Structures are given as structure tokens and as C-alpha cells.
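Notes follow the structure.
Since this is a predicted model, take the numbers as computed values, not measurements. All residue numbers refer to positions in the sequence shown, counting from 1.
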Amino acid sequence: MFPTEKSKENTIPQCISPYAITKYASEKYLDIYANTYGFEYTVLRDATIFGSRHNIRRVVPINID
């Protein structure tokens, strides 16, 4: 999957960096833990939130609400 493609919730990520595989593995560990102990969770997959035009005031309030 390339960043320019739109993906569905059930799309399995094609991790192309150590950072990406670590994030995906963390999601899978959380899934197993939640299924074992019976709780719900939400994973936020923010994309392109850091760069030369990065503005923290736009990103953080959106995710906190």
C-alpha cells in the first residue's frame, strides 16, 4: 500500500520501515491484550502530521476531542 492510496479499515499495512512495523506490531499486541481481558480501544493512524508546515495546534485538538 502506498501513501497515495486510500485504504479501508481492514487493509493490512505493507510496512516499509522499522518505524512502521513497530507501530503495526504494537497495534497487534494491543488487539491481543484487549481480546484477552475484554476491553475496547481505538488506534489513531495519523499520517503526514509532521513536516515543514507542521502546526501542533491543528493536530492535537482534533485527536483529543
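- Atom CD of E27 and atom CD1 of I32 lie 12.5 Å apart (nearest 0.5 Å).
- Residues Y29 and Y33 keep their aromatic ring centres 6.0 Å or farther apart.
- The local environment of OH in Y37 is sparse, with at most 12 non-hydrogen atoms from other residues, nucleotides or ligands closer than 6.0 Å.
- Around the OH atom of Y19, the shell of radius 6.0 Å holds no more than 12 heavy atoms that belong to other residues, nucleotides or ligands.
- Heavy-atom minimum distance, A20 versus C15: O-SG, 3.7 Å.
- Contact of the V43 side chain with the Y24 side chain is not registered, since no non-hydrogen atoms from C-beta on lie closer than 4.5 Å.
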